[in-house]
Amino acid sequence: MKTYQLAAVPGDGIGVEVIAAGLQVLEALSQHLGGFAFEVTHYPWDSAYYLKHGHYIPEGGLAQLKQADAIFFGAVGSQQVPDHISLWGLRLPICQGFDQYANVRPARVLPGVKSPLHNGEAIDWVIVRENSEGEYSGSGGRVHQGLPIEVATEVSTFTRVGVERIHRFAFELARSRPAKHLTLVTKSNAQRHGMVLWDEVFAEVAKDYPDVRTTRELVDAVTTTMVLKPAQLDVIVATNLHADILSDLAAALSGSLGIAPTANLNPERSFPSMFEPIHGSAFDITGKGVANPIATFWTAALMLEHLGEPAAARHLMQAIEAVTASGLHTPDLGGTATTAQVTDAVIELLRR
Ligand code: NAI
Ligand code: MG
């Protein structure tokens with residue numbers, strides 16, 4: 001029997017609700033299938049904790065998290081704390097501290113879910129987001145604060161190592177899929193330094209993958225391809241900022257932000273990887289019991305795959321898809337079901 005150490009970091013708002021649901025589903029899955037179990041450590045690092053202690057992650061916190069086989073993360077963000085403080089206080093230190101440079105975001109219209117596109121069933125994408133540098137490298141600064149001559153810079157940083165490893169990761173992923181097609185998203189017409197390096201390194205890496213078909217699209221143009229010709233895309237590699245935006249679009253086109261999962265991977269496995277729904281803490285529905293837990297369940301399936309439990313991941317995906325197909329939907333998908341009802345329905349199917 002394999003026991004995985006799982007670090008649960010539910011964070012704020014509906015993060016707490018969906019991670020609780022996700023842990024219930026994982027528990028049911030391990031009980032039903034046997035062969036593996038989870039030992040869960042809960043980390044209470046939310047915004048209330050920050051307001052009380054002055055930090056999200058306490059001294060030694062990352063070292064503790066590092067012991068885990070995987071991190072199951074909810075969301076961080078509160079109306080009491082500025083977003084740049086919460087994001088840089090909790091989520092980014094984990095992603096950057098554990099070198100989770102490959103952020104993988106699958107998008108697909110699940111059975112029974114309605115895409116706003118008439119041809120939404122053509123959506124079957126994986127967006128690969130560079131997750132360690134680029135526009136979110138954190139370099140820059142502000143001088144003359146508050147004065148009319150105030151200056152702020154936000155410096156995008158692209159390193160050859162950082163760019164090469166994400167392109168290589170994306171090529172490997174594209175190679176593993178039936179379509180073997182990789183789209184490079186760029187903006188090297190307007191941004192003539194970092195984005196040109198991004199393109200050049202892509203072309204170099206491409207030589208090692210002659211079996212993968214490549215296309216190149218500017219980030220503005222690819223939004224129209226996503227909406228008008230979704231079948232033309234398969235795996236998409238984009239920078240930290242570009243992919244952040246494209247993946248929210250992909251989530252909306254697949255039916256709801258409430259179903260979209262993501263994995264922050266450290267592919268070398270020197271550190272634990274982190275799995276989270278794409279959505280945030282959703283102030284508008286917090287505490288109402290109607291958060292869609294499907295994004296978190298799909299996230300749990302990505303985590304199982306990463307841990308080396310592909311059969312469990314498949315079993316879970318089948319249960320998720322049977323529930324979405326049944327029409328038991330939370331309000332974000334046009335239904336009236338609660339988080340608990342969807343969770344119970346998935347668990348019920350897992351036990352069959
Ligand atoms: P959000 O994702 O929290 O919510 C956007 C909209 O989608 C809201 O109307 C919300 O109700 C809906 N929604 C999101 N997830 C849902 C779910 N599972 N079921 C049903 N409806 C769902 O994004 P927003 O409002 O921009 O941000 C709220 C807070 O969350 C902010 O503080 C923000 O910084 C933070 N945030 C954190 C993220 C993270 O921890 N990775 C990601 C995105 C936002
Ligand atoms: Mg985002």
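Whatever order the structure lists them in is the order used to number ligands and atoms, beginning at 1. For this chain, numbers begin at 1 and follow the sequence in order.
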Within the 4.0 Å heavy-atom shell around Ile14, which atoms of ligand 1 are there? 15 (N), 16 (C), 17 (C), 18 (N)

On the six-membered ring of Tyr101, is Arg165 placed so that its NZ or CZ lies under 6.0 angstrom from the centre and within 45° of the ring axis? yes

By ring pair (Phe, Tyr, Trp, His ring centres under 6.0 Å) - contacts of Trp198 (at least two apart): His167

With nothing but distance in play, are any N or O atoms of Val18 less than 3.5 Å from an N or O of ligand 1? no

Sub-4.0 Å atoms of ligand 1 with respect to non-hydrogen atoms of Gly77: 32 (O)

Please determine, by modelled atom types, if Ser86 and Ser47 share a side-chain donor-acceptor pair under 3.5 angstrom. no

Which of the atoms of ligand 1 are close to Gly280, meaning less than 4.0 Å from one of its heavy atoms? 1 (P), 2 (O), 3 (O), 30 (O), 36 (N), 37 (C), 38 (C), 42 (C), 43 (C), 44 (C)

Would you call Lys180-Asp234 a salt bridge at under 4.0 Å N-O? no

Contact with ligand 1 for Ser281, non-hydrogen, under 4.0 angstrom: yes

Hey, does Asp284 sit under 4.0 Å from ligand 1 if you only count heavy atoms? yes

State plainly whether the residues Glu276 and Arg91 are in salt-bridge range, i.e. N to O under 4.0 Å. yes

Counting only N and O atoms by type, is there a donor-acceptor contact under 3.5 Å from the side chain of Asn119 to the main-chain atoms of Ala122? no

With heavy atoms of Glu276 as the reference, note each atom of ligand 1 found under 4.0 Å away. 41 (N)

Looking at Arg352 and Glu348, is there a salt bridge between them, counting it only when a charged N and a carboxylate O are closer than 4.0 Å? yes

Ligand 1 atoms nearer than 4.0 angstrom to some heavy atom of Ala291 are 19 (N)

Is there a polar contact, in the sense of an N or O pair closer than 3.5 Å, between Phe73 and ligand 1? no

Find all atoms of ligand 1 within a distance of less than 4.0 Å from any non-hydrogen atom belonging to Leu257, and give their numbers and elements. 2 (O), 5 (C), 7 (O)

Looking only at heavy atoms, is any part of Gln79 under 4.0 Å from ligand 1, and if so is it the side chain, the backbone, or both, or is it neither? neither

Numbered atoms and elements of ligand 1 in range of Ala75, under 4.0 angstrom, heavy atoms: 40 (O)

List ligand 1 atoms under 4.0 Å from Ile278, heavy atoms only on the residue side. 42 (C)

Select the closest option to atom 39 (C) of ligand 1 among Val81, Leu333, Val76, Leu92, judged by heavy-atom distance. Val76

Around Glu154, counting heavy atoms of other residues, nucleotides and ligands shown, do more than 12 lie under 6.0 Å from its CD? no

Does any donor atom in the side chain of Glu133 or Thr159 lie under 3.5 Å from an acceptor atom in the other side chain? yes

